[in-house]
Structure formats: structure tokens, C-alpha cells
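Here's the structure, in C-alpha cells; my notes come after.
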Amino acid sequence: MTPSPLSDPEGWPDLHGDYLYRYALLRTREPVVAEEMVQETFLAALQARSRFAGQSSERSWLVGIMKHKIADHYRKAARETPSANLDGPVAGEEPEELFFEKGGHWRRDQDIPAAWPEDADAAVERQEFWDVLKRCLGELPQRTMQAFTLREVDEVTTEEICSTLKITPNNLWVLLHRSRKHLRRCLERHLYGRGQA
């Protein structure tokens, strides 16, 4: 199989700029930072052109470079944030004990997650789902959103996430639990009209 060649770097902004910007914006929530990451990604790709093996598409290669830029951004933010300042619960959420019994099971008199009325695969094919997910992710505290996107979107290992965000595995579990709980409730509210608006 012949490796696929790279296109002319002058065309990268037109071919991949919008996609990379949306990718970075979803993970950083900061338009200026997302713009800088796109520029840094193109610069790093230009410098690494000779090492492109052609075993993936040009866009996949650029996204791989951007993932490293995003991880560097998270590491820098983690160094600048005191470790005692971990994200608390998402604003407006009730304490955990309101939802669970002592044994960790859902309380029967509370908001037990219901089955969604459609096939999950069908839901993620709709643009509305992605718009709502982006909105719901935007409601999460920064570190909670970072933990969720690294784990569930980018499929980064626990060890890497903990190293990047400078947190313990237990802290990661708490952040992931809070993010999943918030996202479930937010998606149900905005997609299916359940709960309070």
C-alpha cells in the first residue's frame, strides 16, 4: 500500500482549519486558545512533514498533533491551578446522598435514569444531539469537562489523564461521575423534555 502524500501546507487552513478549530474549541471552550492551537498544530505539522508516514489521512495526522497540543495546554493549566482547587459539584446539582442509598444503589423515590425513547446510535447521528452535548459540556466546570473529554471522547488512559491534570485516580473517578451525571440529566432535559428546564 502506497502512503498517502501530504497536500500543500498553504491549503491546510482551508482544508482543515474549521474542523481543527471546532475540535480545539470543544475541548478548551476558549476561542482564542482554540485559534492558537490550530496555528501551533499547523506549525508543528510543517516542521514534522518529513516524518509523515502516510499511514493515516492528513486530517487524522493533524488531529493527532493537536491532541498533543491540547494535552500540553491541560498540563500547563494543571500546574497553574492549586491541587486543592478541584472542581466541586456542577452548579445547581443536589448532593449525592439525595440520589443513592447507603449501599450505593439508586434510591427508588428519586430520579432513576430512564431508558431513552430511541436507539442511541440514531440519536448521535442527529446534529441536534451534538449541539445539545456541546451546550451541556459547556455547563461543566473546566477540569470536569477536561477529564470527561480526555476519557470519553479522546479515549486517553487513566494514568495519562491523572498525569496531565495532576490528579489522583480517585479525583478522576469523582470528576467523571459528576460529568456523566450532569450530562445525562442535561441531555434528557434538552433532548427529551424531562426534568426542569
Side-chain angles (χ1 to χ4, degrees), residues 12-42 57 59-78 81 86-94 111 113-158 160-161 164-165 167 172-197:
W12 289 351
D14 291 333
L15 289 172
H16 309 293
D18 289 343
Y19 180 85
L20 292 173
Y21 175 77
R22 288 189 307 272
Y23 187 92
L25 186 61
L26 177 66
R27 287 153 180 82
T28 65
R29 296 191 299 197
E30 300 176 54
V32 172
V33 172
E35 289 173 7
E36 288 174 5
M37 285 194 183
V38 172
Q39 293 173 7
E40 289 176 17
T41 298
F42 287 147
S57 71
R59 180 168 287 178
S60 295
W61 179 64
L62 291 169
V63 167
I65 293 170
M66 178 167 274
K67 284 182 180 181
H68 290 286
K69 299 295 177 192
I70 291 169
D72 291 344
H73 172 75
Y74 288 170
R75 280 188 201 96
K76 182 180 178 200
T81 304
L86 290 177
D87 289 340
V90 178
E93 287 197 352
E94 299 86 358
D111 181 26
W116 286 3
E118 64 181 272
D119 179 28
D121 291 335
V124 298
E125 294 296 324
R126 296 188 350 241
Q127 183 61 42
E128 177 191 13
F129 172 85
W130 292 104
D131 293 342
V132 171
L133 179 62
K134 183 178 176 184
R135 176 180 174 182
C136 293
L137 281 170
E139 295 174 0
L140 291 170
Q142 184 74 19
R143 192 179 301 231
T144 305
M145 183 275 303
Q146 291 171 346
F148 180 83
T149 56
L150 284 169
R151 174 57 157 238
E152 303 300 341
V153 179
D154 295 331
E155 300 178 341
V156 175
T157 66
T158 297
E160 277 186 87
I161 296 169
T164 298
L165 298 180
I167 58 176
L172 176 61
W173 184 89
V174 169
L175 293 176
L176 290 173
H177 174 73
R178 288 176 179 161
S179 65
R180 290 171 181 145
K181 182 176 133 187
H182 169 75
L183 291 172
R184 177 191 64 86
R185 295 181 81 187
C186 185
L187 288 168
E188 285 181 351
R189 183 173 59 244
H190 294 294
L191 285 176
Y192 304 116
R194 294 185 190 153
Q196 297 178 4

Starting at [atom1] of [X], measure out to [atom2] of [Y] and round the result to the nearest 0.5 Å.
| X | Y | atom1 | atom2 | value |
| --- | --- | --- | --- | --- |
| Arg184 | Glu188 | CZ | CD | 4.5 Å |
| Leu183 | Leu140 | CG | CG | 5.0 Å |
| Phe148 | His177 | CZ | NE2 | 13.5 Å |
| Leu137 | Gln146 | CG | CD | 12.0 Å |
| Thr144 | Leu172 | OG1 | CG | 10.5 Å |
| Glu35 | Leu25 | CD | CG | 9.0 Å |

Exercise. Please assess Lys67 against Tyr23 for the test side chain to side chain contact (heavy atoms under 4.5 Å, CB included), listing each intermediate value before the final yes or no.
Key: CA-CA 9 Å; Lys67 284 182 180 181; Tyr23 187 92; 2.9 Å; yes
Quiz item: Which residue pairs pass the salt bridge (Lys or Arg N to Asp or Glu O under 4.0 Å) test with at least one member in residues 21-30, sequence neighbours excluded?
Solution: Arg27-Asp154
Search all heavy atoms of [X] against all heavy atoms of [Y] and return the closest pair with its distance.
| X | Y | value |
| --- | --- | --- |
| Ala147 | Ile161 | O-CD1, 4.4 Å |
| Arg151 | Val156 | CD-O, 3.9 Å |
| Tyr21 | Pro31 | OH-CB, 3.4 Å |
| His16 | Leu62 | CD2-CD1, 3.4 Å |
| Leu15 | Arg59 | O-NH2, 2.7 Å |

Practice problem: Output yes when Arg180 and Glu152 qualify as a salt bridge under the 4.0 Å nitrogen-oxygen rule, no when they do not. | Solution: yes
Quiz item: Is any NZ, NE, NH1 or NH2 atom of the basic residue among Asp131 and Lys134 found under 4.0 Å from an Asp or Glu carboxylate oxygen of the other?
Solution: no
Self-check item: Side-chain heavy atoms of Ile167 within contact of Arg143, under 4.5 Å
Solution: yes
Quiz item: Would you say the side chain of Glu36 lies within less than 4.5 Å of the side chain of Val32, judging by non-hydrogen atoms?
Solution: yes
Quiz item: Are Val38 and Met66 close enough, and set up right, to give a side chain to side chain contact (heavy atoms under 4.5 Å, CB included), and what steps lead you there?
Solution: CA-CA 7 Å; Val38 172; Met66 178 167 274; 3.8 Å; yes
Quiz item: Would His182 and Ser179 satisfy side chain to side chain contact (heavy atoms under 4.5 Å, CB included), going step by step from the backbone distance to the final call?
Solution: CA-CA 5 Å; His182 169 75; Ser179 65; 5.9 Å; no
Quiz item: Stepwise, does the side chain to side chain contact (heavy atoms under 4.5 Å, CB included) test hold for Leu20 with Trp12?
Solution: CA-CA 10 Å; Leu20 292 173; Trp12 289 351; over 6 Å; no
Self-check item: Residue list, side chain to side chain contact (heavy atoms under 4.5 Å, CB included) with Arg135, at least two apart or on another chain
Solution: Glu139, His190
